[in-house]
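We count residues from 1, following the sequence as given. When reading the values below, keep in mind they use all heavy atoms of this one structure, side chains included, and skip hydrogens, waters and symmetry mates.
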Amino acid sequence: MSDNMLRILLIGAPGTGKYSVMDVFAGRLPAGSENNSSCTVGSVMLEKLDFPFSDFAESAELKEKIDGILPAGAESPSYDEVIVMIDSSREDLGKEAEAAAGCLAGRLGGAGLVFALSQADLGMNGRYWDTLKSRPEPRLVSHLKEKAGVVDGIAAKAGLSSHHTVFFSAGGREEAKSQRLPYNIGLLMDAMLEELPEEKRKTFLDSVGEVHQTWKKMYLSGEKW
């Protein structure tokens, strides 16, 4: 891996928002690229891997694939950042977190780790979501924080103590017209950056497109979305 290239891996079950996050980080991906496994923006390479958590225990092929891209005991990381995407509306969120944590333990090699709990607007089946402000009401916030706490506990038990957990919604889904705007995307990007070493953080900030200039200025000034 080139020293000046930042590599970010997004893993998660299909439909957990990997493409949406890639789209946000890249500014906008080309139409029809949602089936691509990777894209490069400036000095940042974004890659995604479908990770069928529910089949993890039985899937020797998946274990082999994970071992190929995140070899256990590696002295240097294959990626600078690993973002685990989990659908926050799922009842078995804990099982997915356990599968991810078990897979990643001993394989990060110093890479940063973020658990991204997506589709926050559907965390309680669409209830307690303020459609006008495009953000959760206090009861839903409390519920999402509980879910984030479950993930944090599982990660700590697996020895993944250095990580961030953020719940968010990418917004813009046609089937959910009440959730058109993103929520907590800025915090997800902040969490990702805080897990990177300083030189890699600069690589990301130097590579983001014009669509991110406002966010970039806020980040550099210490403000948060």
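- Considering all non-hydrogen atoms of both residues, A170 and I185 come closest at CA-CD1, 4.2 Å.
- Smallest separation of non-hydrogen atoms from A101 and I154: CB-CG2, 4.1 Å.
- For T165 against A148, the heavy-atom pair with the smallest separation is CG2-CB, 3.8 Å.
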Side chain to side chain contact (heavy atoms under 4.5 Å, CB included) between S43 and T203, worked out: CA-CA 7 Å; S43 298; T203 295; 3.6 Å; yes

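- Using a 4.5 Å cut-off on side-chain heavy atoms (C-beta onward), V21 and M85 make contact.
- The minimum heavy-atom distance linking A158 with A105 is given by the pair O-CB, 3.7 Å.
- Side-chain contact between V44 and L46: present, with at least one pair of heavy atoms (C-beta onward) separated by less than 4.5 Å.
- Put simply, CG on L144 and CD on Q119 are 12.0 Å apart, with the number rounded to the nearest 0.5 Å.
- Judged by distance alone, the side chain of R201 and the main-chain N or O of L196 form a donor-acceptor pair under 3.5 Å.
- Comment: D80 does not engage R7 in a salt bridge, judged by the lack of any side-chain N to carboxylate O separation of less than 4.0 angstrom.
- The two residues V166 and N184 have their closest heavy-atom pair at CG1-O, 4.2 Å.
- Atoms CG and OG, from L10 and S37 in turn, are 11.5 Å apart once rounded to the nearest 0.5 Å.
- Ring centroid separation for the pair F115 and H164 does not come in under the 6.0 Å cut-off.
- For S169 and D121, the side-chain atoms include at least one donor-acceptor pair closer than 3.5 Å.
- To the nearest 0.5 angstrom, R90 atom CZ is 13.0 Å from L117 atom CG.
- Looking only at distances, a side-chain donor or acceptor of K200 sits under 3.5 Å from a matching main-chain atom of M5.
- Residues S162 and E195 are in side-chain contact: their nearest non-hydrogen atoms beyond the backbone lie under 4.5 Å apart.
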Kindly determine whether H163 and V114 satisfy side chain to side chain contact (heavy atoms under 4.5 Å, CB included), including the steps that lead there. CA-CA 5 Å; H163 73 279; V114 176; over 6 Å; no

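- Here the side chains of V141 and P136 are in contact, with some heavy-atom distance below 4.5 Å.
- Looking at S134, its side chain never comes within 3.5 Å of a backbone N or O of D130 through a donor-acceptor pair.
- Between L9 and L70 the shortest side-chain heavy-atom distance falls below 4.5 Å.
- Atom CG in D152 sits 12.5 Å away from atom NZ in K145 (nearest 0.5 Å).
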Would F204 and M189 count as a side chain to side chain contact (heavy atoms under 4.5 Å, CB included) here? Give the steps. CA-CA 10 Å; F204 181 86; M189 298 179 81; 3.9 Å; yes

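- For the residue pair T16 and D87, no side-chain donor N or O sits within less than 3.5 Å of a side-chain acceptor on the partner.
- Rounding to the nearest 0.5 Å places CZ of F167 at 11.0 Å from CD of E146.
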Would you sort out whether E137 and R127 count as a side chain to side chain contact (heavy atoms under 4.5 Å, CB included), showing the intermediate values? CA-CA 9 Å; E137 296 174 358; R127 294 177 295 162; over 6 Å; no

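- Counting all heavy atoms, side chain and backbone alike, L122 lies closest to S89 at O-CB, 3.0 Å.
- Side-chain contact between V151 and V84 is absent, with no heavy-atom pair separated by less than 4.5 Å.
- Counting only heavy atoms from C-beta outward, the side chains of P71 and R107 never approach each other to under 4.5 Å.
- In this structure, I8 and E47 have side chains that are not in contact, with every pair of non-hydrogen atoms separated by 4.5 Å or more.
- Note that CD of E199 is 11.0 Å distant from NZ of K202, once rounded to the nearest 0.5 Å.
- Looking at Y183 and R135, their side chains never bring a donor and an acceptor atom within 3.5 Å of each other.
- Ionic pairing of K18 and D50 is present here: one or more N-O contacts between side-chain nitrogen and carboxylate oxygen are shorter than 4.0 angstrom.
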